[in-house]
Chemist: 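Take a look at this one; I'll ask things after.
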Amino acid sequence: MSGSLSSARAWQRMLSGRRLDLLDPSPLDVEIADIAHGLARVARWNGQTRGDHAYSVAQHSLAVEEIFRLANPNASTTDLLMTLLHDAPEYVIGDMISPFKAVVGGGYKAVEKRLEAAVHLRFGLPPHPTATLKTRIKKADTMAAFFEATELAGFSTEEAQKFFGTPRGVTRDMLRIEPMAATEAQSLFLARFQALDTSRLQETSTGARPA
């Protein structure tokens, strides 16, 4: 076997032309267009969902941000952006289901945290959410997972309640769960990011949140 692990390629070329190093990701190599494109083509639940299209991480991220916003009406746009981007590292490493994460262990989490920091810093966000914000995002994420599990992934209500709890304050009709085409999910994710980023810049320049 020629070569060594140290000489193995550890970067991915993006459609933007950027080369993102997984071992030492630079914020300068992160582009929102690449994130939107990638997440719209990464399937949740390992693709084991109903519908003509895969239920993408991009669509999931939109649902989580919607739930978070409903549950936290006074959240800053910085908080909303970090919620929308909570699974952003998956545009590089894919959506690894929770059972497999448990098998892989710490190595996966270390790569994920480095990518999260690079993404956040690229867009002027703190490298990682605070513990409080992370808990709130996780709550919204779990609520989204409940609806995905029961509507798309074949879980019974009782089974989903066991793993994800019972959603409070959010109902199925509040969310768009039907899987959409990758191009639509990509467009909606990118539009939501741009709207939040514009709002955040306005907050920064005026010192107050836009009405």
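Because the structure is predicted, anything quoted here is derived from the model rather than measured.
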Chemist: Is Val30 reachable from Leu201 through a run of I, L, V, M, F, W or Y residues, each pair having side-chain heavy atoms under 4.5 Å apart?
Modeler: no

Chemist: Which atoms form the tightest heavy-atom contact between Ser56 and Ala40, and what is the distance?
Modeler: CB-O, 3.4 Å

Chemist: Would you mind checking if Glu178 and Arg50 are paired as a salt bridge, meaning a charged N to carboxylate O distance below 4.0 Å?
Modeler: no

Chemist: Do Leu175 and Phe147 pass the side-chain contact (heavy atoms from CB on, under 4.5 Å) test, and can you show the C-alpha distance, the side-chain angles, and the key distance before you say yes or no?
Modeler: CA-CA 9 Å; Leu175 306 172; Phe147 292 111; 3.8 Å; yes

Chemist: Give a yes or no on whether the backbone of Thr183 and the side-chain of Ser187 come within a donor-acceptor separation of less than 3.5 Å.
Modeler: no

Chemist: Measuring only between side-chain heavy atoms, which start at C-beta, is Leu62 closer than 4.5 Å to Phe193?
Modeler: no

Chemist: Going from CG on Leu23 to CG on Asp21, what distance comes out if it is rounded to the nearest 0.5 angstrom?
Modeler: 5.0 Å

Chemist: Could you tell me whether the side chains of Arg41 and Gln186 share a donor-acceptor contact shorter than 3.5 Å?
Modeler: yes

Chemist: State the CG-CG distance between Asp141 and Asp87, to the nearest 0.5 angstrom.
Modeler: 6.0 Å

Chemist: Is there a side-chain contact (heavy atoms from CB on, under 4.5 Å) between Phe68 and Lys139? Walk through the geometry before answering.
Modeler: CA-CA 8 Å; Phe68 181 92; Lys139 183 177 180 180; over 6 Å; no

Chemist: Drop me the distance from Ile137's CD1 to Asp79's CG, to the nearest 0.5 angstrom.
Modeler: 7.5 Å

Chemist: Where do Glu31 and Arg122 land on the salt bridge (charged side-chain N to carboxylate O under 4.0 Å, His left out) test, with the steps shown first?
Modeler: CA-CA 8 Å; Glu31 299 290 348; Arg122 168 64 177 84; 3.5 Å; yes

Chemist: Report yes if the side chains of Glu65 and Leu196 come closer than 4.5 Å at any heavy-atom pair, otherwise no.
Modeler: yes

Chemist: Are any non-hydrogen side-chain atoms of His86 and His60 less than 4.5 angstrom apart?
Modeler: yes

Chemist: CG of Leu22 to CD1 of Ile93: how many Å apart, nearest 0.5 Å?
Modeler: 7.5 Å

Chemist: Under the 3.5 angstrom rule, does the side chain of Arg44 hit a backbone N or O of Thr49 as a donor-acceptor pair?
Modeler: no

Chemist: When you measure from the side chain of Arg19 to the backbone of Trp11, do you find a donor-acceptor pair of N or O atoms at a distance under 3.5 Å?
Modeler: no

Chemist: Check the pair Ile35 / Phe123 against side-chain contact (heavy atoms from CB on, under 4.5 Å), numbers first and verdict last.
Modeler: CA-CA 12 Å; Ile35 294 174; Phe123 303 118; 4.0 Å; yes

Chemist: In Å, rounded to the nearest 0.5 Å, how long is the span from CZ of Phe164 to CZ of Phe155?
Modeler: 5.0 Å

Chemist: Side-chain heavy atoms nearer than 4.5 Å, only ILVMFWY residues, links allowed to pass through others: does that put Phe163 and Val64 together?
Modeler: no

Chemist: Considering only heavy atoms from C-beta outward, does the side chain of Val57 approach that of Tyr91 to under 4.5 Å?
Modeler: no

Chemist: Applying side-chain contact (heavy atoms from CB on, under 4.5 Å) to Asp24 and Arg114, what does each step give before you reach the verdict?
Modeler: CA-CA 7 Å; Asp24 186 23; Arg114 287 196 293 268; 6.0 Å; no

Chemist: Which pairs would a plain distance check flag for residues 125-134, meaning a side-chain donor or acceptor within less than 3.5 Å of a matching protein atom at least two apart in sequence or in another chain?
Modeler:
residue, atom, partner, partner atom, Å
His128, ND1, Glu116, OE1, 2.5
Thr130, OG1, Leu133, N, 3.1

Chemist: At what distance, to the nearest 0.5 angstrom, does CG of Leu188 lie from CE of Met180?
Modeler: 5.5 Å

Chemist: Cluster question for you: counting only ILVMFWY and a side-chain heavy-atom cut-off of under 4.5 Å, with indirect links fine, are Leu28 and Leu115 together?
Modeler: no

Chemist: Quick test of your reading: applying salt bridge (charged side-chain N to carboxylate O under 4.0 Å, His left out), list the pairs with at least one residue in residues 150-161, sequence neighbours left out, ordered by first then second residue.
Modeler: Glu151-Arg172

Chemist: Is Asp52 atom CG crowded by more than 12 heavy atoms from other residues, nucleotides or ligands, each under 6.0 Å away?
Modeler: no

Chemist: Kindly give the heavy-atom pair with the smallest separation between Ala54 and Pro179, and that separation in Å.
Modeler: O-CB, 3.9 Å

Chemist: Does some side-chain heavy atom of Lys138 sit less than 4.5 Å from a side-chain heavy atom of Thr135?
Modeler: no

Chemist: Do Trp45 and Glu148 come close enough that some side-chain heavy atom pair is under 4.5 Å?
Modeler: yes

Chemist: Is the shortest heavy-atom distance from the side chain of Leu20 to the side chain of Met14 under 4.5 Å?
Modeler: yes

Chemist: Taking Lys109 first and then Glu112, would you say they form a salt bridge - that is, a charged N and a carboxylate O separated by under 4.0 Å?
Modeler: yes

Chemist: Taking side chain as C-beta onward, heavy atoms only, is Gln59 less than 4.5 Å from Ile177?
Modeler: no

Chemist: Suppose we screen for side-chain contact (heavy atoms from CB on, under 4.5 Å). Which residues come up paired with Thr198, at least two apart in sequence or across chains?
Modeler: Gln202

Chemist: Would you find a donor on one side and an acceptor on the other, under 3.5 Å apart, between the side chain of Asp34 and the backbone of Ser16?
Modeler: yes

Chemist: What pair of heavy atoms forms the shortest contact from Tyr55 to Ala63, and how long is it?
Modeler: OH-CB, 4.0 Å

Chemist: If you look at every heavy atom in Thr150 and Ser156, which pair is closest and at what distance?
Modeler: CG2-O, 4.0 Å

Chemist: If hydrophobic clusters are built from ILVMFWY residues whose side chains come within less than 4.5 Å, do Leu121 and Leu84 share one?
Modeler: no

